[in-house]
Amino acid sequence: MARPKFAYFDGQIVPIEQATVSVMTHALNYGTAAFGGIRAYWNGDHKQLYIFRPVDHFARLKQSASLLFLPIPQSAKDLRDVLVELLRRENEHSDMYIRPLVYASEEGIGVRLHDVSAALTIWAMPFDRYVSKEEGLALGTVSWRRVDDASIPARGKVAGAYANSALAKSEAVMNGFDEALVLNQDGHVSEASAANFFMLRRGKVITPPVNANILEGITRHTVIHLLRHKLGMEVIERDVDRTEVYLAEEAFLTGTGVQVAAVTSLDRRKIGSGEMGPLVKSLREVFFKVVRGYDPEYHHWTQPVYLTEQVGVK
Ligand code: PMP
């Protein structure tokens, strides 16, 4: 796997080898951290690297951190500027995955969130697909339930809560599926292990609401907008039953990692034809055009990294 060359650490960009923490770090022991996941897309025609919705991602990071009382002094725009600088230093001409992390940096014993020091780091590395089968994932409903807002805030990207996501993903994969469908405490569909869920039923797109213990995905928001405004679809946010998914015409996942990935079966039942359907196909086309910076209507979502005079220099 590719590795980052640098990291933003302790307020400056340093070689990745210098960005290390002690085994005594609070976050490492207690999961007291919040993180983000951002993609940047290389556009070979423009010779430009576009970061997708960085300010929105950093705004969510700040919200996730605030749920844990972890302060981030910089604004979302300041962090976007730091990221642009970091990516210029990395100087890659390929798609990138970016990982910002805010963590309780205290060294010592004591489960709490008050009076704990916090630190922020960002690193980035070349990245292609997160799931190999974006054109057709086999999902399995898992026995684990999604973390509840009354236990660990599901709308924050809280590091500790990812033990729940990892249990779900591994159960699905170890049972022969590609990905998990995770139900919430009510037994309704919440999301996949690290992606939001959508289905097409009777010609309407349906996705679980923000109070179904989902992460409020930025790709979810993007896709709802594109479905409505580019593809003229009705999108409804409401509770979804597992057996409705069995009867859906199409289904898909959205997330920074999975991008827009077709779901072609759930619990060994084919969804629709059992192959990627026409809606997911059109949505993927629109989505990749937007994120790669080809659609001028959405340039406010794509932050160029390289100065025009730097473009092509490597
Ligand atoms: N749910 C979970 C649990 C996730 O980890 C992610 C990935 N960040 C998503 C949904 C999708 O969110 P986004 O579109 O903002 O990447």
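The chain is numbered in sequence order, starting from 1. When reading the values below, keep in mind they use all heavy atoms of this one structure, side chains included, and skip hydrogens, waters and symmetry mates. Read the numbers this way: they start at 1 and go in the same order the structure lists the ligands and their atoms.
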| task | Examine G217 against ligand 1 and note whether any of their N/O atoms are separated by less than 3.5 Å. | result |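 N/O-N/O distance below 3.5 Å does not exist for this pair.
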| request: Look only at interatomic distance and state if T254 has a nitrogen or oxygen under 3.5 Å from any nitrogen or oxygen of ligand 1. | output: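 In this structure, T254 places no N or O atom under 3.5 Å from an N or O of ligand 1.
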Exam field: side chain [X] to backbone [Y], donor-acceptor pair closer than 3.5 Å:
X	Y	answer
N164	R146	no
E106	S117	yes
D178	L137	no
S75	D78	yes

| Any idea which of A194, A168, A161, G37 brings a heavy atom closest to atom 9 (C) of ligand 1? |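 Looking at heavy atoms only, the winner is A194.
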| query | Taking the minimum heavy-atom distance to atom 10 (C) of ligand 1, which of S165, S193, A195, G257 ranks first? | reply |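 Minimum heavy-atom distance to atom 10 (C) of ligand 1 goes to A195.
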| message | Tell me if the centroids of the rings in H57 and F52 come within less than 6.0 Å of each other. | response |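 They do not qualify: ring centres at least 6.0 Å apart.
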| request: Write out the residue and atom name of the closest protein heavy atom to atom 3 (C) of ligand 1, then the distance separating them to 0.1 Å. | output: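 Scanning the protein heavy atoms, the shortest distance from atom 3 (C) of ligand 1 goes to E191 OE2, 3.1 Å.
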| field | ligand 1 versus E216: contacting region, heavy-atom distance under 4.0 Å | value |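 For E216, no heavy atom sits under 4.0 Å from ligand 1.
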| query | What do you reckon, does R60 put a non-hydrogen atom under 4.0 Å from ligand 1? | reply |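 Flag set, R60 near ligand 1.
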